[in-house]
Amino acid sequence: MPIYLVRWPDLSASFVQAEGEAHLLDVLDQVGNPDDCEWSIYDGPLFIDFRLPVEWSVQEDRHRTPVAPEQVVLEDVGRLASGNVVEAIELSLADADDGYETGAEVLRLAFPKLHALIERCSETGGEFDGEAALPEAELRQALHAELERFLRGSWCRAKLEKKTDAISTLAREMDLSVELARTYEEIARNQQSGGRDAERPPQEKPSTTPPLFRISNHHTQDCGQPPAIDGDGTGKYVGYFANQYGEQTVFVYDYQTHEASVWMGETGWGNAHRVVDGRTEGIILTESEATWIRACWLAAANRE
């Protein structure tokens with residue numbers, strides 16, 4: 001699976017692993033609107049350090065003498081004890097040649113205006129070594145040029161505000177990229193045609209014909225008791241999905257409360273995961289699962 005180097009419209013960049021550009025858009029959408037981003041597949045050096053924010057030391061350390069457990073002293077662990085451990089992890093380029101080259105390649109690909117200035121100021125006459133002092137006036141000019149994406153994005157968003165077509169409205173209201181909005185609108189339109197019976201009053205529904213769709217629970221007893229959901233119930237939109245491994249998911253949107261939830265066998269049938277604006281809270285989804293849930297949300301929300 002390729003690694004993409006993504007340049008955001010501000011002065012930041014990200015490494016993101018994705019199956020392809022469609023998947024990349026969906027991953028980036030979890031953080032922000034990717035309309036103003038630029039990216040390329042990264043195949044350069046990659047050496048990044050991860051460090052827990054804890055200082056520690058060895059008391060009475062003696063040369064050529066094994067360290068005993070009681071000699072190891074941990075300093076303040078407050079950042080780990082009081083918050084999210086994953087978010088507290090500190091990242092930095094490795095203190096090695098490949099770590100330095102990783103930073104240099106990121107600068108070259110993601111921040112070309114700044115990289116060009118560094119090369120011009122380099123004492124080696126064009127070779128990037130990062131040791132040359134940068135004139136502040138030229139540095140500010142290069143950074144301003146790097147913000148061109150931000151200015152261009154601002155102009156595009158202003159144009160989007162004036163458009164009234166369905167795709168632009170969806171992109172604006174859900175803060176989606178136009179390409180994602182077009183993809184989800186098409187999926188939602190296809191799903192809508194198969195789910196319109198959900199709101200029919202009971203007297204309009206056939207009572208003697210066989211059920212349109214029936215499927216059993218494919219998960220083991222360890223996953224708990226699956227939810228008993230009546231697809232013929234009024235006022236609800238119901239969707240079903242099974243991934244390539246046969247893991248099942250059920251989506252339900254309640255038109256009265258305007259709330260949506262998904263139940264997934266792989267996370268335990270007893271856990272209902274809330275869906276807000278097409279995004280599922282508290283779980284990590286595959287590309288296909290996230291796309292299906294977003295499509296269900298759009299199909300239900302568009303009907304309202």
Side-chain angles (χ1 to χ4, degrees), residues 1 16-35 166-167 169-199 212-213 215 217-219 223-231 233 235-304:
M1 188 181 299
V16 182
Q17 191 173 46
E19 297 172 359
E21 291 198 354
H23 185 204
L24 176 66
L25 279 175
D26 202 55
V27 174
L28 295 178
D29 185 59
Q30 300 175 30
V31 179
N33 191 326
D35 254 347
I167 299 298
T169 301
L170 181 62
R172 184 172 60 250
E173 292 180 350
M174 299 192 68
D175 194 24
L176 293 170
S177 72
V178 174
E179 185 174 345
L180 273 178
R182 186 177 293 111
T183 299
Y184 291 143
E185 195 275 340
E186 181 180 351
I187 296 173
R189 192 186 328 116
N190 293 336
Q191 290 211 354
Q192 273 185 305
S193 62
R196 288 181 179 144
D197 283 343
E199 288 188 291
L212 174 66
F213 178 76
I215 193 164
N217 174 27
H218 295 171
H219 291 265
C223 296
Q225 186 68 23
I229 296 172
D230 182 7
K236 288 183 171 61
Y237 177 94
V238 179
Y240 169 83
F241 176 82
N243 63 20
Q244 66 268 36
Y245 306 110
E247 297 167 335
Q248 299 167 291
T249 304
V250 178
F251 173 98
V252 177
Y253 183 94
D254 191 315
Y255 289 104
Q256 183 174 0
T257 63
H258 309 288
E259 294 180 348
S261 299
V262 293
W263 287 262
M264 307 183 72
E266 60 181 306
T267 62
W269 283 123
N271 301 316
H273 304 283
R274 190 163 171 254
V275 179
V276 179
D277 291 334
R279 297 181 177 88
T280 308
E281 297 180 342
I283 51 175
I284 299 175
L285 302 172
T286 64
E287 176 189 4
S288 57
E289 290 168 342
T291 301
W292 170 76
I293 290 174
R294 180 67 63 84
C296 285
W297 173 271
L298 294 178
N302 283 348
R303 185 179 304 170
E304 291 197 286

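Annotation: the span from Ser261 atom OG to Asn271 atom CG amounts to 11.5 Å, rounded to 0.5 Å. Atoms OH and CH2, on Tyr240 and Trp292 in that order, are 9.5 Å from each other to the nearest 0.5 Å. To the nearest 0.5 Å, atom CG of residue Leu25 and atom OG1 of residue Thr183 are 8.0 Å apart. We find the OG1-NZ distance between Thr257 and Lys236 to be 7.5 Å, quoted to the nearest 0.5 Å.
With sequence neighbours excluded, the residues that form a ring pair (Phe, Tyr, Trp, His ring centres under 6.0 Å) with Trp269 are His219. Partners of Asp35 by salt bridge (charged side-chain N to carboxylate O under 4.0 Å, His left out), not counting sequence neighbours: none found. In terms of the side chain to side chain donor-acceptor pair (under 3.5 Å) criterion, residue partners of Glu21 (sequence neighbours excluded) are, by chain and number, Trp39. Judged as a side chain to side chain contact (heavy atoms under 4.5 Å, CB included), and not counting sequence neighbours, the contacts of Thr280 are Val262, His273, Val275, Ile283, Leu285, Ile293. For the side chain to side chain donor-acceptor pair (under 3.5 Å) test, residues two or more places apart in sequence or in another chain that qualify with Thr286 are Ser288, Glu289. Ile284 is linked by a side chain to side chain contact (heavy atoms under 4.5 Å, CB included) to nothing, counting only residues two or more places apart in sequence or in another chain.
Taking each heavy atom of Tyr255 and Ala300 in turn, the nearest pair found is CE2-O, 3.5 Å. For Val238 against Gly231, the heavy-atom pair with the smallest separation is CG2-CA, 4.3 Å. Here the closest non-hydrogen pair linking Ala299 and Tyr237 is CB-OH, 3.7 Å.
Evaluation of the salt bridge (charged side-chain N to carboxylate O under 4.0 Å, His left out) test over residues 272-286, restricted to residues two or more places apart or in two chains, returns Asp29-Arg279, Arg274-Glu281.
Counting heavy atoms from C-beta on, the side chains of Asn243 and Glu266 come closer than 4.5 Å. Cys296 places none of its side-chain heavy atoms less than 4.5 Å from the side chain of Tyr253.
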